[in-house]
There are 4 protein chains.
Amino acid sequence: MSTPARAQRADARSNRARILDAAEEVFGRGGASASTEDVARLAGVGIATVFRHFPTKAGLLDTVLARRFERMLERAEAVAGSEDPASALFEMFTAIVTDAPGKIALAEALDEVTGGADGAASQAERASAQLRQAVGVLLRRAQEAGAVRADIELPELYALLIGMSRSTAVARLESGIQAKALGVVFDGLAAPGYRRRSNTM
Amino acid sequence: MSTPARAQRADARSNRARILDAAEEVFGRGGASASTEDVARLAGVGIATVFRHFPTKAGLLDTVLARRFERMLERAEAVAGSEDPASALFEMFTAIVTDAPGKIALAEALDEVTGGADGAASQAERASAQLRQAVGVLLRRAQEAGAVRADIELPELYALLIGMSRSTAVARLESGIQAKALGVVFDGLAAPGYRRRSNTM
Amino acid sequence: MSTPARAQRADARSNRARILDAAEEVFGRGGASASTEDVARLAGVGIATVFRHFPTKAGLLDTVLARRFERMLERAEAVAGSEDPASALFEMFTAIVTDAPGKIALAEALDEVTGGADGAASQAERASAQLRQAVGVLLRRAQEAGAVRADIELPELYALLIGMSRSTAVARLESGIQAKALGVVFDGLAAPGYRRRSNTM
Amino acid sequence: MSTPARAQRADARSNRARILDAAEEVFGRGGASASTEDVARLAGVGIATVFRHFPTKAGLLDTVLARRFERMLERAEAVAGSEDPASALFEMFTAIVTDAPGKIALAEALDEVTGGADGAASQAERASAQLRQAVGVLLRRAQEAGAVRADIELPELYALLIGMSRSTAVARLESGIQAKALGVVFDGLAAPGYRRRSNTM
DNA sequence: AATGAATGAGAATTCATTCAT
DNA sequence: AATGAATGAATTCTCATTCAT
């Protein structure tokens, strides 16, 4: 008896994953205007199945976005121990920016759907906060290594990070342009006397 | 004889202005999901009056956004002749970034509504291109004055500008944070040896 | 003082005529879906002027249609005295059928607008009844002349007339086809032994 | 296992049928001006259900009209093998004419809604073409049997058919009148010497 | 647990008709 | 008398969410 139950759970788990993948694709491309039915179609399940797993569209978006932040968080943790803390920071910065298209569409979809209600996006908010914290660690390390100006704090670093992410997502920049813009930011962050390796970006 | 005609036009003109103001407010806050009826309500006119003045929602958004770019353009032209070209550029940069919240919501609403169809947003596109050009002029002047690195070109400057605008709009930054982030960007842009006046922002 | 009044009346009269012509054109082409504003535009007057002359769309359509029936009535009266009563009837029949496109669009527009309410189209109904009567006279004459079967009465003749009119209007027949179809009807109407002149149609 | 799937489908199928019936009634009476909401109300379903089954009003009308032509086509095929080809043709003609009220309102509604765009009414067009072809067969048989004049071809026969249909639909003729008018047409079609059985109509 | 059909609350847009000048 | 701006009711269609199987 427990075996069939397990089998079903496995089914359900795989459906859940398929739905999340489909939602990431669909909302990442079409933003808030994409419909939940499109997600179901792409996932190959019925619409009711989507709603069984995620009772509201906002919940679905929240989960998708959280997953995406979590993936980034893993990368951040992976580079956290790097012996070149400056490169670690700049590489992470670049990685987040590069990942931005799609993620931002998701974030805006979520925003549109929740109407900005506080806490409506709790999973994503938590994951995003964790990522922020991890970036904070990278920042501190880079500062301790003398690579980044000491008067920089996380809020302004994050403002720059968000900005460059949005810029990339919105303007469909040639990568050369994006690299140059990031170069300016990194130069601005660098401690006096620190020489960034120009291929960093 | 011309008076009655004028009188009507004055009425219509004032309604048109009220509608534009209302639309700027409503869509600036609520983005694409805000409804044209909300605009009508806030403007204190009937829904059909909105559609008489702006036959499509896209047209209304286009006009509102164009107006906003035009206001910025005026500022750009005002500082163009400044005898301190570096300050002129950085002040303009700051002004555009500060103006961003609302404008960005408008831009995204327009995008959502047009579905990205080319030319569907012609007024706004034209005005935006003019602003970009004007910023290009400020950049060249600042470079000629030796204040900004010579290897910077307009596309990357604009990428930074858009990014910081988005950042400001999205993160509802405290102005202190925003100023610090801008400081980093400006430092990254500055020619070696150029000393920005720290109160620039 | 009376002169200016007269002048105005002349103005008004010419406006009225222009509106009627425009309405005939616009509704004759576009049916009920055409808008009263289109009429005003084509007539070169303001929309309020149209409504001053014809307080409802139904009233306007009624008048236009009545005018059209009246024109036909004049033709019917013109041929009434013909010394070849059979030709007179068949020619009148053909004339009405040929005039049908446009008239039918008007009739249907009127119908759609009134929702079939009785008496809502009184002018047109009266004029149409007069035309019917005039055709009745032509029928009787043709029967007295031995050209048309004696057992035919006005209602069935009119059914045929309406049918062929609708057919012409709807099917955009080549005139050769229409002529052949009319030929069948005329043959069916002809008294035994009567030889229609084949160019009748 | 298949039962639940079937059950749903049965539900949906019955709704679909109810919607089609309601649409036939509503548009057959009210023409294009009738609203899809009226259809929903009469069918006893929500408005969205109508749109789920027929994503556009034009599609709904197309299907309703096609169904109606198909019913007629069945009759045409039923009489095609009759051993009295003349009666077969005249009976079919009469049947089509008698069926006209309602059908014509549907056709005009469809026309209004599609704006005459080609192919927008494909199902109905196809079914109508099939019916025409079937009538063509009946005509040929009747001519071969010597009952109908040899110089008649399908286009003019169809012009007459359409005309008498419209006439019936528009004028709400007493059946006696309609019969007499049809009698005229049939006499006009009959080959010289052929004696129609007077009860044909 | 999964399905797909059903639902009603909007949203943009149009139009006949009325008002103010 | 003429104008054109304003109005609100109506219409088609979409979507998140719920129900029945």
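Throughout, protein chains are lettered first and strands after them, A, B, ... in sequence-line order, and every chain is numbered starting at 1.
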Quick one, give me the B/S/- string for nucleotides 6-13 of chain F, reading 5' to 3', where B means a protein heavy atom under 4.0 Å from the base and S means that only happens at the primed atoms, P, OP1 or OP2. BBBB-SBB
Enumerate, atom names and distances included, each donor-acceptor pair closer than 3.5 Å involving a side-chain atom of residues 106-114 of chain B, sequence neighbours excluded.
from	atom 1	to	atom 2	distance (Å)
Glu108(B)	OE2	Arg166(B)	NH1	2.6
Thr114(B)	OG1	Leu110(B)	O	3.1
Thr114(B)	OG1	Asp111(B)	O	3.3
Thr114(B)	OG1	Gly116(B)	N	3.1

Whole-Å gap separating P (dA5(E)) and CD1 (Ile19(D)): 12 Å
Could you list the donor-acceptor pairs under 3.5 angstrom formed by side chains in residues 44-60 of chain D, with sequence neighbours left out?
from	atom 1	to	atom 2	distance (Å)
Thr56(D)	OG1	Gly59(D)	N	2.9
Lys57(D)	NZ	Ala32(D)	O	3.0
Lys57(D)	NZ	Ala34(D)	O	3.1

Would you name the heavy atoms of Gly28(A) and Ala105(A) that are closest together and state the gap between them? O-CB, 3.2 Å
In this structure, how many angstroms lie between the C1' atom of dT14(E) and the CD atom of Glu112(C), rounded? 15 Å
Please round to the nearest 0.5 Å and tell me the distance separating atom OG of Ser35(B) and atom CZ of Phe27(B). 7.0 Å
In Å, rounded to the nearest 0.5 Å, how long is the span from CZ of Arg68(C) to OG1 of Thr63(C)? 14.5 Å
Whole-Å distance, Leu61(C) CG to dA16(E) C1', equals 12 Å
Secondary structure of DNA chain E in dot-bracket form (Watson-Crick or G-U wobble, distances below 3.5 Å, | marking inter-strand pairs): .||||||||||||||||||||
What's the spacing between Leu65(D) CG and Ile104(D) CD1 if we round to 0.5 Å? 10.5 Å
Looking at residues at least two apart in the chain, or sitting in another chain, which of them share a salt bridge (charged side-chain N to carboxylate O under 4.0 Å, His left out) with Arg67(C)? Asp21(C), Glu24(C)
Please list, chain by chain and in numerical order, all residues satisfying salt bridge (charged side-chain N to carboxylate O under 4.0 Å, His left out) with Glu25(D), sequence neighbours excluded. Arg29(D)
